[in-house]
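A short worksheet on the structure shown next.
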Amino acid sequence: MIVVIVNVEERAELLAAADVTAISDVADQLIALHGEPLVISPPETALVALDVREPVESIRFRVGDVLVTRAEVDMSGHAGWAIRPGDDHLGALAAAICAAVGDSGIAGADLVDSLCARTSVLTAAADQAEWADVITTRVEFEELD
């Protein structure tokens, strides 16, 4: 199953979810192809607020803070930025390299798109498995006439 990445946001989401070993392997291939990136912002870890919207009344509220790592690079004159959950310096740097190449469409973008397609399939399967577990807790109500 091939997933066509249509925008930068979808690519960023998939790079954030990609397996760290897989994304590092692709980043290594891109470095071999384009040379070492210029690190604009080295990987740094921070907390970001997680807000959600309550679905009935559309009230927004803060759930808590989430630990993330972000990085920014320049790869052959193309900027790339990434953020990954947790304390993942290697993954954030690799994702930024992949974002620079994938977002600009330069040589190696097909490697990034392939990684994103594999990640999309894996996350969809994980989501489906999670829903299969959760569905057993569903409560069905009987309508009274």
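The side chain to side chain contact (heavy atoms under 4.5 Å, CB included) check on Ala17 picks up Thr119, Thr123, with sequence neighbours excluded. For His34, the side chain to side chain donor-acceptor pair (under 3.5 Å) partners two or more places apart in sequence, or in a different chain, are Ser76. Partners of Ala22 according to the side chain to side chain contact (heavy atoms under 4.5 Å, CB included) rule, which considers only residues two or more places apart in sequence or in another chain, are Asp19, Leu115. Evaluation of the side chain to side chain contact (heavy atoms under 4.5 Å, CB included) rule for Glu9 yields Asn7 as partners, not counting sequence neighbours. Checked against salt bridge (charged side-chain N to carboxylate O under 4.0 Å, His left out), Glu44 has the following partners two or more places apart in sequence or in another chain: Arg70. With sequence neighbours excluded, the residues satisfying salt bridge (charged side-chain N to carboxylate O under 4.0 Å, His left out) with Arg62 are Asp51. Residues satisfying the side chain to side chain contact (heavy atoms under 4.5 Å, CB included) test with Ala71, not counting sequence neighbours, are Pro43, Ala92, Leu93, Ala96. Partners of Asp74 by side chain to side chain donor-acceptor pair (under 3.5 Å), not counting sequence neighbours: none found.
Grouped by direct or indirect side-chain proximity (heavy atoms under 4.5 Å, Ile/Leu/Val/Met/Phe/Trp/Tyr only), Leu38 sits alone. Leu47 belongs to a hydrophobic cluster whose other members, connected by ILVMFWY side-chain contacts under 4.5 Å either directly or through intermediates, are Leu67. Chaining together hydrophobic side chains whose heavy atoms lie under 4.5 Å apart places Val63 alongside Val48, Leu50, Val52, Phe61, Val66, Val68, Trp81, Ile83.
Note that CD1 of Ile23 is 10.0 Å distant from CG of Leu30, once rounded to the nearest 0.5 Å.
Side-chain atoms of Arg84 do not come within 3.5 Å of backbone N or O of His89 as any donor-acceptor pair. Side-chain atoms of Glu57 never come within 3.5 Å of backbone atoms of Ile59 as a donor-acceptor pair (strictly under, hydrogens ignored).
For Gln29, the CD atom sits in a packed shell: over 12 heavy atoms of surrounding residues, nucleotides or ligands are nearer than 6.0 Å. The number of heavy atoms from other shown groups lying within 6.0 Å of CD (Glu54) is above 12.
Under 3.5 Å, the side chains of Asp87 and Thr45 contain a donor-acceptor pair of N or O atoms.
Sorted by first and then second residue, the side-chain hydrogen bond (donor to acceptor under 3.5 Å, both in side chains) pairs involving residues 101-112 (not counting sequence neighbours) are Arg11-Asp103.
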